[in-house]
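Down below is the structure, laid out as C-alpha cells.
All values below were derived from every heavy atom in this structure, side-chain atoms included, with hydrogens, water molecules and symmetry-related copies excluded. Naming convention: chains lettered A, B, ... in sequence-line order (proteins, then strands); numbering from 1 in each chain. It should be emphasised that the depicted structure is a prediction, and the values quoted were computed from it without experimental measurement.
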Amino acid sequence: MNGFAWLRRLQRRSNTWMVISVIGALVALLPSLYILIGLFQKPNENWQHIQQFMLKDYALQSLWLVLGTGTLTVMIGVTLAWLVAAYEFPLRRLFSWAFVLPLAIPPYIAAYTYGSMLSYTGSVQVFMRNVLGWAPDQKYFDIMSMKGAIFVFTMFLFPYVYLITRSFFEKQSASFIENARLLGKNPLHIFFRVVLPLSQPAIMGGVSLVAFEVLNDFGVTKHFGIQSFTTAIFTTWFGMYDVDSAIRLAAWLMSVIIGVFLIERLLRKRKKYNASTSRTSPLSRRRLRGLPAWAACGFGAVIVSLSFLIPVLQLIVWAAWTYRDVLNAKFAELLVNTLSVSALSIVALMLHAVIAANVNRTGRSLFTLVLSKLISMGYSVPGAVLSIGVLAVFISFDEQLSGVYGWLGLGEGKLVLSMSLAMLIFAYVIRFLAVGYNAVEAGFEKTGNRYTEASRLLGFGMTRTFFKVDLPLIKGAVLTGCILTFMEIVKELPLTLLLRPFNFDTLATKAYQYASDEQIHQASVPSLFIIGVGMVSVFFYHWLGEKNSQ
Amino acid sequence: MTFFEMSDVSFHYDKGSRTVLRRFSLGLDKGESVGVLGQSGCGKSTLLRLISGLEEPVTGRIVIDGTTMVDARKFVNPELRGVGMVFQDYGLFPHLTVEQNIAFGLHRLSKKNRAARLGEMLELVKLQDYRRRYPHELSGGQQQRVAFARALAPEPALLLMDEPFSNLDANLRGEIRSELRQLLRAAEMTSILVTHDKEDADAICDRIVYMQANDEISQERNSS
Ligand SMILES: Nc1ncnc2c1ncn2[C@@H]1O[C@H](COP(=O)(O)OP(=O)(O)OP(=O)(O)O)[C@@H](O)[C@H]1O
Ligand SMILES: [Mg+2]
C-alpha cells in the first residue's frame with residue numbers, strides 16, 4: 001500500500017449513504033456520551049448520601065431480579081423450545097406460536113393484573129372465600145415482592161429465549177442431534193450433553209435480551225415497590241430533583257451494561273459453533289405417546305394459561321365493567337397520539353435502519369463494524385438512562401439555539417426542542433433501531449448481493465440501485481421491521497413517561513397512570529389495546545415466518 | 001494497440017486471508033476474445049470481479065480503452081466502467097420481466113431508442129415471445145439468453161462472462177456456443193470468458209489463458 005490508498009478508498013466508499021450513516025451514528029451516540037461524562041464530574045453532597053445508603057441496595061435488587069429472571073427464563077424457554085422442536089405431541093402446532101404470545105403483554109400490565117387478582121378483594125381470593133369457603137393465609141398471595149416480580153418477568157419474557165433457541169434447534173442442530181440419536185444415546189443424555197452445550201450462544205442471545213428488558217423495566221418494580229436501579233433513577237430525578245445524581249446513577253448502570261454486553265459478545269465469539277459447513281436439514285420430530293405426550297401438553301397448557309390466558313381473561317372482565325367510562329373522546333385522543341407518535345418514529349427509524357444496513361453490507365470496514373455495534377447497543381441502554389441522556393442533549397441544543405428562537409420571535413431562553421415530540425421520537429429511534437435494523441439486515445442477507453452487483457454493472461449507482469432493485473426485494477423485511485418496532489413503541493413505558501411533552505398521553509402512559517391511581521379496572525381498557533397491537537404483530541410475524549419457510 | 005490492460009494486480013479477500021491473485025497481468029486487443037481456464041477456486045471469478053470494480057485490488061493497475069479504472073490513487077466505481085457481466089448464476093432481477101431486465105441498463109437512452117434497442121436484443125436472443133415472463137417462468141437456457149441480452153444491451157466496452165454455460169445441458173451448450181461466437185464477432189466485442197471446460201474456450205475464444213492458484217499465467221494462442 002502507498003500513501004494515496006486512502007484517496008482511492010475515499011473514491012470507492014464515500015457517498016451520500018455513508019455520510020448520512022456517519023452523522024446518524026454520531027448523533028445517536030450523543031446521549032450515551034453525555035451520560036458517561038457524568039462519571040467524571042464532581043459529585044454533589046446528595047450523591048454521598050445515595051452512595052452510602054442506597055447504591056448497594058439498588059445494585060443488589062437489580063442483580064437479584066436479573067439473575068432470578070435469567071435462570072427461570074432459560075429453564076422454561078429452553079425446555080419449551082426443545083419440546084416443540086424435537087417432539088410431536090397433542091396441540092404442538094398451537095403451542096409453537098402460543099408460547100410467543102406473552103410478548104404481546106408488557107410486564108407492567110401483567111404486574112398490576114396479577115397484583116390486583118391476587119389481592120384480598122381480587123378474583124382469586126374472593127372465589128376461594130365465597131365459593132370454596134376457604135380463607136387461606138394472606139402470605140401465600142404476596143405477589144408484590146421480589147419473588148412476585150421474578151415470576152412476572154419470567155412469565156412474560158421467556159419467549160425471547162424460547163424464540164431464539166427454537167429457531168436454532170430447528171435450523172442448525174439437526175445433524176448433531178441425529179448423529180447422537182443414531183449413536184444410541186438416550187434423550188436426556190442428548191439434551192444435556194449435546195443440545196445444551198451447542199445451543200449456548202443462542203440461549204445467551206435470548207437471555208441477554210431478557211436481562212436488558214428487566215433492567216429497562218420501570219412499571220413492574222414501581223408497582224411492586226422494589227427499589228431497582230431504574231426506579232432509583234426516577235426517585236432521584238423526580239423525588240429529590242437531583243438531576244446530577246440521577247445522571248451519575250445512570251452512568252453506573254450503563255457501565256455495568258456495557259460490561260455485560262462486551263462479556264456476552266466475547267463469550268459468544270469464542271463459542272461460535274459453525275454448522276454452516278454442511279447444509280443442514282431440519283430436525284425430524286419424534287412422536288411422544290401416552291403419559292409423556294400428555295405431560296408435555298399439560299406443561300404447555302399451564303405456561304400458556306399463566307403467561308397469556310389468565311391475565312387476558314381477567315383484563316377482559318374488567319374492561320367489560322369499565323369500558324363505558326373509559327372509552328370517550330379523551331380515549332380517542334390517546335389512540336391518535338399513540339398512532340401518530342409511532343408512525344413518525346417508525347418512518348425515522350426505518351429510514352435510518354435501511355441506510356445503515358445498506359452501508360454495512362456494501363463494504364466491511366472498521367466503521368461499519370462500529371456502526372453495527374452501536375446500533376445493537378441502543379437496545380441495551382435502559383429507557384430511564386437513555387431518557388436522561390436525551391433530555392440533557394436536547395436542553396443543550398435549546399441553549400445553543402436560544403438566539404435563533406429569539407430571532408424567530410419565540411422568546412429568548414425558551415425550551416422549544418425539549419418540550420416537543422421530537423425528543424420522544426429521537427429516543428424511540430435510538431432505543432429500537434436495532435429491532436428494525438436486524439429485520440432489514442436479515443432481508444439483505446436473504447437476497448444476497450448479486451442483484452445489486454448486476455445493477456451496478458448495468459450503470460446504476462448505489463442510490464438508484466437501491467430504489468430499483470434492493471427495495472423491491474427487501475420490502476417484506478422492511479414491513480416486518482415496521483411491525484416489530486410498532487409493537488415495541490406501543491409497549492414502551494419508561495421512555496414515554498419521561499420524555500413525552502406536557503399533557504401528551506399514550507395508551508401505555510394512560511394504563512400506567514390508571515394503575516398507579518388504584519384504578520386497576522379502568523387500566524384494563526388501554527391495556528387490552530396494547531395487547532391487541534402486540535398480538536397482531538406476533539401473528540403477522542409468525543405468518544411471515546411460515547410463508548418464508550415454505 | 002491493447003484495448004484492455006491489467007498489470008501487476010494483487011488481491012486477497014479479508015485481511016490476513018490467502019492471496020488470490022499475485023502480480024497478475026493480462027492484456028486484450030480490441031475485438032479480441034480471451035478464455036480463462038483454471039481449476040475451481042483458483043480465482044477466476046475474482047479476476048472478473050476486480051476488472052468490473054466489484055472488488056478493489058491491493059496493488060496494480062487496470063486500464064480500459066485508455067482510461068485508468070484503478071491504480072494506486074484512483075478507483076472508478078463499477079457503474080461508471082462500461083463493463084458488462086454475465087454472472088455464473090445469471091442474477092436476473094426476480095421482480096422484473098424479461099423485457100424489463102433487458103432494458104434495465106438502457107436508462108441513458110431516449111425512450112424511442114430504448115424500445116428499438118430492446119427489440120433488437122430480444123430478436124438477437126430469440127425471446128420475443130417471452131418478453132412479459134418473469135425469470136422463474138423461464139428454462140435455464142432461456143434465462144441464460146436473457147442474461148446475455150441484458151449484459152450486451154448497453155453496448156459495454158468489455159464483456160465478462162463467468163461460466164455462462166454451467167447450468168446448461170450438453171445439446172443446448174453446443175448450439176449456444178456457436179451462436180455466442182457469431183454474436184461476439186458481429187458486435188466486435190472485446191470479451192473475457194471464464195470457464196473450466198476447454199471445449200467452451202476453444203469454440204468461442206481467440207486465445208486461451210491458463211490460471212493457476214495465486215500464480216502467474218501461461219498462454220496459448222487458439223489456432224482457429
Ligand atoms: N467473498 C469471499 N471472501 C473470502 N474468500 C473468497 C470470497 N470469494 C472467493 N473467495 C476465495 O477466493 C478464492 C478464489 O475464488 P473464486 O470464486 O475466484 O474461484 P473460481 O476460480 O471462480 O472458482 P469456481 O470455478 O469454483 O467458480 C477461493 O479460494 C475462494 O475460497
Ligand atoms: Mg467462479
Side-chain angles (χ1 to χ4, degrees), chain A residues 1-19 274 358-369 443-444 446-479 548 550, chain B residues 10 13-15 45 48-49 51-59 61 68-96 100-109 135 146-147 150-156 158-160 162:
Chain A
M1 280 257 185
N2 58 61
F4 291 100
W6 62 270
L7 193 69
R8 195 178 69 176
R9 181 136 289 187
L10 204 66
Q11 288 171 37
R12 177 160 182 224
R13 301 221 193 270
S14 72
N15 53 48
T16 329
W17 293 79
M18 191 73 166
V19 174
N274 213 340
N358 200 24
V359 165
N360 223 352
R361 86 190 169 121
T362 38
R364 302 256 166 238
S365 65
L366 187 64
F367 169 72
T368 57
L369 190 77
F444 274 138
K446 225 181 97 208
T447 38
N449 279 340
R450 57 182 195 273
Y451 304 118
T452 311
E453 291 179 351
S455 165
R456 296 201 66 177
L457 289 181
L458 288 166
F460 285 92
M462 199 163 154
T463 307
R464 295 227 270 165
T465 295
F466 176 77
F467 285 107
K468 287 189 74 104
V469 177
D470 298 330
L471 191 58
L473 292 177
I474 61 160
K475 59 174 191 273
V478 172
L479 192 61
N548 284 342
Q550 273 165 15
Chain B
S10 299
Y13 277 96
D14 307 304
K15 271 212 178 69
S45 298
L48 298 191
R49 292 176 64 81
I51 297 172
S52 59
L54 295 173
E55 303 290 347
E56 183 184 351
V58 181
T59 59
R61 189 173 134 90
T68 301
M69 293 299 165
V70 60
D71 66 7
R73 60 178 76 184
K74 187 173 173 196
F75 183 89
V76 175
N77 276 316
E79 62 267 24
L80 302 174
R81 290 195 182 191
V83 171
M85 171 115 95
V86 179
F87 289 86
Q88 204 158 356
D89 57 0
Y90 310 145
L92 298 178
F93 302 121
H95 62 301
L96 300 181
Q100 286 169 329
N101 261 288
I102 297 176
F104 192 88
L106 300 176
H107 53 287
R108 295 203 181 89
L109 300 185
V146 179
R150 187 178 71 174
L152 286 172
E155 303 182 307
L158 179 66
L159 180 68
L160 309 176
D162 194 350

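Contact annotation for B/Arg49: only side-chain heavy atoms (C-beta onward) come within less than 4.5 Å of a heavy atom of chain A. Contacts between A/Ser455 and chain B at a heavy-atom distance below 4.5 Å involve backbone atoms as well as side-chain atoms. For B/Asp89, the part lying near chain A is the side chain, with the backbone staying farther off; criterion is any non-hydrogen pair under 4.5 Å. In this structure, chain A has a heavy atom under 4.5 Å from the side chain of B/Phe87, while its backbone stays farther away. For A/Leu457, the parts sitting under 4.5 Å from any heavy atom of chain B are the backbone and the side chain alike. Proximity to chain A is limited to the backbone of B/Leu92, based on heavy atoms less than 4.5 angstrom apart. Using a 4.5 Å cut-off between heavy atoms, B/Leu54 contacts chain A through both its backbone and its side chain.
The distance from the OG atom of B/Ser52 to the CZ atom of A/Arg456 is 10.5 Å, given to the nearest 0.5 Å. Distance check: B/Phe93 CZ to A/Lys468 NZ gives 9.5 Å after rounding to the nearest 0.5 Å.
Salt bridge status for A/Arg464 with B/Glu79: absent, with no side-chain N to carboxylate O gap under 4.0 Å.
Of the listed residues (B/Ala147, B/Pro94, B/Ala153, B/Gly105), the greatest number of heavy-atom pairs within a distance under 4.5 Å of chain A belongs to B/Pro94. Contact count versus chain A (heavy atoms, under 4.5 Å) is highest, among B/Gly82, B/Gly53, B/Gly91, for B/Gly91. Options B/Leu96, B/Val83, B/Leu106, B/Val76 differ in how many heavy-atom pairs under 4.5 Å they form with chain A, and the most are formed by B/Val83.
Contact record, B/His95 with A/Pro472: CD2-CB, 3.5 Å, taken as the closest heavy-atom pair.
Of the possible donor and acceptor atoms, none in the side chain of B/His107 sits under 3.5 Å from a partner among the backbone N and O of A/Phe460.
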